[in-house]
Amino acid sequence: MAEKFERHRQPWTQDEIQKLHTLAKKGMALKAIAKAMTRSEESIKDRAKADGLAITKLR
């Protein structure tokens, strides 16, 4: 059964964007960031791409 994300289609807050940048710069994996932020991997990838961030796929 797929995980359910309560934040589906919710806008990103400034704090979330800051946290995403911090976690990505630390080299955290995509799955770990998604779980830590309670957002889907797809959402994390889309936001990272929009902000020009590189995210590790798997670890």
Side-chain angles (χ1 to χ4, degrees):
M1 190 165 151
E3 277 186 72
K4 185 178 178 190
F5 292 94
E6 299 297 327
R7 305 285 328 271
H8 186 68
R9 297 270 181 208
Q10 293 295 311
W12 285 77
T13 66
Q14 198 58 42
D15 287 342
E16 286 179 315
I17 295 168
Q18 183 96 26
K19 186 175 181 179
L20 174 60
H21 282 249
T22 302
L23 297 176
K25 286 176 184 164
K26 286 183 179 180
M28 261 180 103
L30 177 61
K31 270 189 178 194
I33 294 173
K35 192 167 191 162
M37 298 188 71
T38 62
R39 284 190 176 262
S40 69
E41 290 179 30
E42 195 65 34
S43 175
I44 299 294
K45 278 195 289 190
D46 289 347
R47 185 66 210 201
K49 186 176 181 180
D51 289 356
L53 295 172
I55 295 194
T56 306
K57 296 290 185 228
L58 295 170
R59 270 216 181 155

Set out, in order, the CA-CA distance, both residues' side-chain angles and the distance that settles salt bridge (Lys or Arg N to Asp or Glu O under 4.0 Å) for R39 and E16, then state yes or no. CA-CA 10 Å; R39 284 190 176 262; E16 286 179 315; 3.1 Å; yes
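- In plain terms, the two heavy atoms of A34 and S40 that are nearest each other are CB-C, 4.1 Å.
- Between M37 and L23, the closest side-chain pair of non-hydrogen atoms falls below 4.5 Å.
- Once rounded to the nearest 0.5 Å, the distance linking NZ of K45 with NZ of K49 reads 10.0 Å.
- Nearest approach of D51 to H21, heavy atoms of both residues: OD2-NE2, 3.0 Å.
- Rounded to the nearest 0.5 angstrom, I55 CD1 and R47 CZ are separated by 11.5 Å.
- In this structure, the separation between CD on E42 and CD1 on I44 is 10.5 Å, given to the nearest 0.5 Å.
- Closest of all the heavy-atom pairs between L20 and A48 is CD2-N, 4.1 Å.
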